[in-house]
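Reading through the structure tokens given below for one structure.
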Amino acid sequence: MSARALPYRPHNHDACVNQALAEAKAICQQQNARLTPTRERVLELIWQSHKPLGAYDVLAKLTSEGHNAAPPTVYRALDFLQQYGLVHRIASLNAFTGCTHAGKHHTGMFLICRACGNALELTDTSVSTAIYNAAGAEGFCTETVTLEVTGLCPSCQTEQHHE
């Protein structure tokens, strides 16, 4: 099982952002897709924390940086990033998070902390296989699976025990 490192574990977050941008450039080059400066900046903003961002949060950050962006610009950039598997949409939060397995076909599975808002992407083939098998047993043809699990991360569990 691999997962994106959470902020409660020390890690070099700039490395996460740099790796995501490098992967995005490689995927877009392979797919002959254009990673415009706006799309690149939106991806970078999404990756700047482990908390999923809504489209209007992204728009506010772009505006504060002096970009003359409108909601359709941000939504088009997010659609592009989703299309190429660079970000995931977390439906329950109506927000977006960077994909830690960009360019690979996989089931989006997320642990979402209800206290701090961090989202951890999981990859566990046994879970996705079980979902596909259960759906197949019902004669259902599965196209896309996204699993969102809400609870408390280890850091927030510790904080609640100390209150």
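Only a predicted model underlies this, so the values are computations on that prediction, with no experimental measurement involved.
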Between [atom1] on residue [X] and [atom2] on residue [Y], distance to nearest 0.5 Å:
X: E40; Y: C28; atom1: CD; atom2: SG; value: 9.5 Å
X: L86; Y: L78; atom1: CG; atom2: CG; value: 11.0 Å
X: T97; Y: H50; atom1: OG1; atom2: NE2; value: 8.5 Å
X: L111; Y: L147; atom1: CG; atom2: CG; value: 8.5 Å
X: Y56; Y: T63; atom1: OH; atom2: OG1; value: 11.0 Å
X: L53; Y: L59; atom1: CG; atom2: CG; value: 12.0 Å

### Task
Mind listing the closest non-hydrogen atom pair of I46 and G98 along with its distance?
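That closest heavy-atom pairing would be CG2-N, 3.3 Å.
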
### Task
Take the angle between the ring planes of Y84 and F80 and call it parallel below 30°, perpendicular above 60°, tilted in between.
tilted

### Message
Under 3.5 Å, is there a donor on one side chain and an acceptor on the other for Q19 and E23?
### Response
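Yes, E23 and Q19 have a side-chain donor paired with an acceptor closer than 3.5 Å.
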
Is the side chain of [X] donor-acceptor paired with the backbone N or O of [Y] at a distance under 3.5 Å, no angle test?
X: T73; Y: A69; value: no
X: K51; Y: C116; value: yes
X: R89; Y: Q82; value: no
X: T129; Y: S126; value: no

### Message
Once salt bridge (charged side-chain N to carboxylate O under 4.0 Å, His left out) is applied, do any residues pair with E143, and if so which ones, sequence neighbours excluded?
### Response
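E143 satisfies salt bridge (charged side-chain N to carboxylate O under 4.0 Å, His left out) with no other residue.
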
Do [X] and [Y] make a side-chain contact, defined as non-hydrogen atoms from C-beta onward lying under 4.5 Å apart?
X: K61; Y: D57; result: no
X: W47; Y: V42; result: no
X: C99; Y: E121; result: yes
X: R41; Y: L21; result: no
X: I112; Y: S92; result: yes
X: M109; Y: E148; result: no
X: C153; Y: L120; result: no

### Query
Can you tell which of T38, V17, V87, V58 makes a side-chain contact (heavy atoms from CB on, under 4.5 Å) with L43?
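The option that passes is V87.
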
### Query
Above 12 or not: heavy atoms from other molecules or residues under 6.0 Å from CD of E65?
yes

### Task
Please say whether more than 12 non-hydrogen atoms of neighbouring residues, nucleotides or ligands are located less than 6.0 Å from CG in N133.
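Yes, because the 6.0 Å sphere around CG of N133 holds more than 12 heavy atoms from other groups.
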
### Query
For the ring pair H88 and F110, is the centre-to-centre distance below 6.0 Å?
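Centroid separation for H88 and F110: below 6.0 Å.
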
### Message
Walk me through whether T142 and T144 qualify under side chain to side chain contact (heavy atoms under 4.5 Å, CB included).
### Response
CA-CA 6 Å; T142 305; T144 304; over 6 Å; no

